[in-house]
Engineer: 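Just passing along the structure, written as structure tokens.
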2 protein chains.
Amino acid sequence: MGGCASCPADKYKTSQEVADLRAQVDQLQKALALAHSGGASLPPAPPIPAPGNGFDSGVVETLFFPDSKLPCRNMRKPGGCRRPHCEFAHEPTSLTRFLAHLAAATRHLDICVFTITNDDISDVVLDLHRKGVKIRVITDNDQAQTQGSDIDKFRAVGIPVRQDRSPAHMHHKFAIIDGRVLLNGSFNWTRQAVTGNNENVTVMSDARLISAFQTQFNKLWEAFKQ
Amino acid sequence: MGGCASCPADKYKTSQEVADLRAQVDQLQKALALAHSGGASLPPAPPIPAPGNGFDSGVVETLFFPDSKLPCRNMRKPGGCRRPHCEFAHEPTSLTRFLAHLAAATRHLDICVFTITNDDISDVVLDLHRKGVKIRVITDNDQAQTQGSDIDKFRAVGIPVRQDRSPAHMHHKFAIIDGRVLLNGSFNWTRQAVTGNNENVTVMSDARLISAFQTQFNKLWEAFKQ
């Protein structure tokens with residue numbers, strides 16, 4: 001087309017910036033509408049910001065619990081839920097956002113969580129394992145033996161699990177997804193934490209933060225070797 | 001300098017659009033921060049640290065526990081510790097870093113923590129109260145009644161405390177310092193969490209994150225009004 005050699009790349013860069021900015025405006029407008037509507041939690045997660053686009057604070061989103069309802073499992077099926085008076089949530093909740101982040105894992109998932117008893121979460125972990133995602137789990141021995149613990153299910157399918165066997169607690173509640181997203185906060189992976197407690201999960205993409213948590217994970221993984 | 005006749009106007013148009021979009025993003029971000037800030041009494045957040053100084057991601061630092069020792073209290077006295085075989089820590093630890101962040105409060109300290117029994121931490125809070133820092137504490141009723149809870153000390157000196165009295169837990173472990181730094185993670189404010197457990201605290205200065213947690217604090221503060 002034109003005879004200008006330097007324009008195409010420049011144009012591409014600028015139009016990319018325009019597209020990014022438009023997406024950001026759109027997202028902020030939605031967030032503002034939600035904030036003004038009295039929404040208790042933060043707006044839906046944006047895509048993880050690409051470094052250097054001016055919006056990269058490393059915070060992807062913050063989730064607060066309790067949710068008013070557990071998510072409806074029929075919503076995962078084709079056609080969704082057809083029950084006329086279903087008591088479960090059909091709209092996004094903090095838990096469904098949390099599950100969406102976990103389910104986005106494609107290669108690695110490192111889990112370091114004190115208590116794991118929530119079947120909605122464990123089902124996602126088991127599904128990722130079936131898809132070939134390499135999963136490692138660190139937990140606490142006291143909690144792994146409590147009723148409803150999903151640790152045995154993980155072990156049964158071959159997911160490696162290591163435990164703190166000291167009288168003190170392995171009290172972290174974090175997970176690292178593909179080495180690029182960190183979920184961390186007060187939230188144990190239990191049903192009570194979803195619909196009962198006041199809890200938080202911060203979803204972070206900051207590389208330094210993830211590196212610090214990955215180092216900590218690797219250190220505990222070695223320390224809890226049998 | 002090239003011979004492309006069509007570029008300049010096109011470029012101008014695009015760069016104008018970029019400038020407009022940037023202005024719109026800026027305006028929306030301010031509106032969103034304001035919408036999330038809730039209480040009018042809150043101090044305005046200071047500017048986020050300037051990009052490029054190594055703290056531009058909003059992550060100030062990450063603290064991991066357990067510490068091998070509790071900090072030596074003599075180190076706070078002039079001349080430091082003179083005990084020949086003192087068993088306490090004289091060097092910086094995760095706890096002393098944590099205390100330094102708390103002690104930096106000059107105006108406001110909002111505390112939202114499940115269990116508070118650690119006297120090193122409570123002493124800093126009481127000291128800040130004496131210096132006129134405006135403190136608010138949200139905690140859980142189950143934990144406030146446990147042996148060693150420092151909640152009664154706070155109440156005795158007039159620090160306002162509100163509690164979740166439901167059977168579920170107010171399970172957060174966060175604090176907001178002067179509306180500009182957030183401490184958050186798995187770490188309850190107990191002695192066992194310092195020298196026994198595996199725990200984390202992330203220290204963050206990201207304005208969006210702090211705004212979300214401040215909104216959550218204000219919401220719980222109202223919800224737990226007697």
Side-chain angles (χ1 to χ4, degrees), chain A residues 2-7 10-11 14-15 17-18 21-22 24-25 28-29 31-32 35-36 40-42 54-59 61-62 64 66 112 114 164 166-174 184-188 192-193 195-200 202 204 206-209 212-213 216 220, chain B residues 2-7 10-11 14-15 17-18 21-22 24-25 28-29 31-32 35-36 48 56-59 61-62 64-66 112 114 140 164 166-174 184-188 192-193 195-200 202 204 206-209 212-213 215-216 219-220:
Chain A
C4 175
S6 63
C7 286
D10 193 33
K11 246 189 191 168
T14 316
S15 67
E17 189 173 8
V18 168
L21 282 164
R22 281 185 185 147
Q24 203 176 336
V25 165
L28 282 163
Q29 282 172 336
L32 191 60
H36 283 152
S41 60
L42 269 184
F55 200 53
D56 184 19
S57 65
V59 181
E61 66 174 327
T62 307
F64 290 105
C112 188
F114 182 50
D164 172 18
S166 77
H169 290 319
M170 198 312 291
H171 200 242
H172 291 297
K173 304 104 175 36
F174 73 82
N184 188 46
S186 65
F187 179 72
N188 280 305
Q192 153 125 356
T195 53
N197 295 352
N198 292 110
E199 306 273 5
N200 71 77
T202 56
M204 310 287 300
D206 179 85
R208 281 197 310 155
L209 190 66
F213 276 83
Q216 187 66 13
L220 296 181
Chain B
C4 175
S6 64
C7 285
D10 193 32
K11 246 189 190 167
T14 317
S15 67
E17 189 173 8
V18 167
L21 281 165
R22 281 186 183 148
Q24 201 178 346
V25 165
L28 282 164
Q29 282 175 335
L32 187 62
H36 277 154
I48 307 169
D56 56 329
S57 66
V59 180
E61 66 175 324
T62 306
F64 290 104
F65 296 88
C112 188
F114 182 51
D140 192 78
D164 172 19
S166 77
H169 290 320
M170 197 312 292
H171 199 242
H172 290 298
K173 306 103 174 36
F174 73 84
N184 187 45
S186 66
F187 179 71
N188 280 304
Q192 152 124 354
T195 54
N197 295 352
N198 292 110
E199 305 273 8
N200 72 77
T202 55
M204 310 287 301
D206 180 86
R208 282 198 308 157
L209 189 66
F213 276 83
T215 301
Q216 187 67 10
K219 187 183 142 189
L220 295 181

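Side-chain atoms are counted along with the backbone in the values below, which use heavy atoms only and exclude waters and symmetry mates. So you know, we letter chains A, B, ... as the sequences are listed, proteins then strands, and number each from 1.
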Engineer: Please state whether the side chain, the backbone, both or neither of T195(A) comes within less than 4.5 Å of a heavy atom of chain B.
Structural biologist: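 Looking at T195(A), nothing touches chain B.
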Engineer: Any chance you could measure D206(A), atom CG, to M204(B), atom CE, to the nearest 0.5 Å?
Structural biologist: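 Output value for this atom pair is 6.5 Å.
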Engineer: With rounding to the nearest 0.5 Å, note down the distance linking CG in L21(B) to CD in Q24(A).
Structural biologist: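 Separation between the atoms: 9.5 Å.
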Engineer: I need the residue from P167(B), A168(B), P66(B) with the largest number of non-hydrogen atom pairs under 4.5 Å to chain A.
Structural biologist: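 Highest number of heavy-atom pairs under 4.5 Å: A168(B).
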Engineer: Is any side-chain heavy atom of F64(A) closer than 4.5 Å to one of H172(B)?
Structural biologist: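 Yes - at least one pair of side-chain heavy atoms lies under 4.5 Å apart.
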Engineer: With only heavy atoms counted, which part of F114(B) is less than 4.5 Å from chain A, the side chain, the backbone, both or neither?
Structural biologist: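 Contact with chain A: none, neither part.
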Engineer: Just to verify, what does Q216(A) make a side chain to side chain donor-acceptor pair (under 3.5 Å) with, not counting sequence neighbours?
Structural biologist: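 By the side chain to side chain donor-acceptor pair (under 3.5 Å) rule, Q216(A) matches no residue at all.
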Engineer: Got a sec, which residues hit side chain to side chain donor-acceptor pair (under 3.5 Å) with N197(B), two or more places apart in sequence or on another chain?
Structural biologist: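 Partners of N197(B) under the side chain to side chain donor-acceptor pair (under 3.5 Å) test: Q192(B), E199(B).
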Engineer: To the nearest 0.5 Å, tell me how far F213(B) CZ sits from N200(A) CG.
Structural biologist: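 That separation rounds to 3.5 Å.
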Engineer: Nearest heavy-atom pair of D164(A) and N198(B): which atoms, and what distance?
Structural biologist: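 Looking at all heavy atoms of both residues, the closest pair is OD2-OD1, 4.3 Å.
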Engineer: Tell me which of these, G196(B), S166(B), C112(B), G185(B), has more heavy-atom pairs under 4.5 Å with chain A than the rest.
Structural biologist: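 Max contact count across the listed options: G185(B).
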